[in-house]
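The next block holds one structure in the form of structure tokens; read it before the comments.
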Amino acid sequence: MPELPEVESVGRALAADLTGRRLTGLRVRWGGVFEPSPGAVRAALLGRTLTGLHRHGKYLILRFEGEGNGDAAFLMVHLRMTGQFLAQEDYRPDSHVHVTFDFDGRAVHYRDVRKFGRLSLVEHGTHPQALAHVGPDMLTVRTADWLGRVRRRGAPFKSVLLDQGVAAGLGNIYADESLFLARVHPLARPRDLDETELREVLRRAKQVLRLAINHGGTTFLDFRNFHGQPGNFRRKLRVYGRGGEPCRDCGAAIERMVIGGRSSCWCPRCQPAPR
DNA sequence: AAGATTACCTGAAGGC
DNA sequence: TGCCTTCAGGTAATCT
């Protein structure tokens, strides 16, 4: 599932391959991925050049310029659960490929088995509001800003980390990993922790995100990897998906429970239960 | 009004 | 050519 590190990796690959190229074709098999509509996206972007790509949390924002009315237009991408961009030369689209972009003859396929992902047109004027509901990026948020956002929260820390309005980018995997590294129980409430503990959670979150980026992410299919193999961070995971298995640090059995509707794993010895 | 629950989707896995 | 249920998780909408 793409979280911040996987989205970062996809974005880097897209930027490296497509920046400066012109969108010459748009083949749509299932128009439901586009907001507000395939026609609007086609009218706004076809014939224009991809001039920049930016990531914020789990969003990718593609900037298109040239021709048109002179103003830049943006395509805001969220891969949700199973969205992928694939560009292997010999790739044969299957029934889950909903859109194929042609960039000067180079085909880039958008594939999404569960159809949760969205490719949203953002017109020039509405650009500032497009991400208004999303908090600062988890990788670059300033400590004082983040502390102010979490300090009074009474929900389980696990849920606060997943709240993209607080800070954007952590998903279920890296939220569990961050709490393990910080030695904080997922049910601990931010308002009950002291500032040192809160700072440690943020420090560890940034650390694990950077580490995962350097390993190519955990589960996404990198479109530059013609084998379609996943990133290799999976083997580094300390608690996520390891319920019942021994903690790599202390050997205790990793526990699992549902918190805020999300499967959550932690080590009962390394992350003692809150009082 | 923050916190909890459900809807959106499909495929894998497991029980029987 | 087995059928059915459960699970997986990001976010928006809908609840309490």
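These numbers come from the heavy atoms of this one structure, side chains and all, not from hydrogens, waters or symmetry mates. Residue numbering restarts at 1 for every chain, and letters A, B, ... go by the order of the sequence lines.
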Per the atom types in the model, does the base of C:dG10 pair as donor or acceptor with the side chain of A:Arg262 at under 3.5 Å? yes
Gap between atoms CZ and C1', on A:Arg152 and B:dG3 respectively (whole Å): 18 Å
Nearest-nucleotide wise, let me know which of A:Arg118 and A:Gly260 is further upstream toward the 5' end of DNA chain B. A:Gly260
Any ion pair linking A:Asp94 and A:Arg111 (charged N to carboxylate O, less than 4.0 Å)? yes
Taking the side chain as every heavy atom from C-beta outward, state whether A:Val184 and A:Leu193 have any pair of such atoms under 4.5 Å apart. yes
Assign A:Ser263 to base, sugar-phosphate, or nothing according to its heavy-atom contacts below 4.0 angstrom with the strands shown. sugar-phosphate
Between A:His96 and B:dG11, is there a side-chain N or O to OP1/OP2 distance below 4.0 Å? yes
Atom OH of A:Tyr59 and atom C1' of C:dT11 are separated, to the nearest Å, by 7 Å
Do A:Phe116 and the base of C:dT11 stack face to face, with centres under 5.5 Å apart and an angle between planes under 30°? no
Which part of the nucleic acid, if any, lies within contact of A:Gly171, taking any heavy atom under 4.0 Å across all strands shown: a base, the sugar-phosphate backbone alone, or nothing? sugar-phosphate
Could you tell me whether A:His109 and A:Tyr91 have their ring centroids closer than 6.0 angstrom? yes
A:Met81 CE - B:dG11 C1' separation (whole Å): 12 Å
Any base atoms under 4.0 Å from A:Arg191, or only sugar-phosphate, or nothing? Heavy atoms, all strands. nothing
At under 4.0 Å between heavy atoms, what does A:Gly154 touch on the DNA or RNA strands: base, sugar-phosphate, or nothing? sugar-phosphate
With a 4.0 Å limit, can you tell me whether A:Arg153 has a side-chain N or O closer than that to the phosphate oxygens OP1/OP2 of B:dA1? no
Side chain of A:Pro156 - closest among B:dT10, C:dT11, B:dA4: B:dA4
For this output row, return yes or no: ring centroids of A:Tyr110 and A:Phe85 closer than 6.0 angstrom. yes
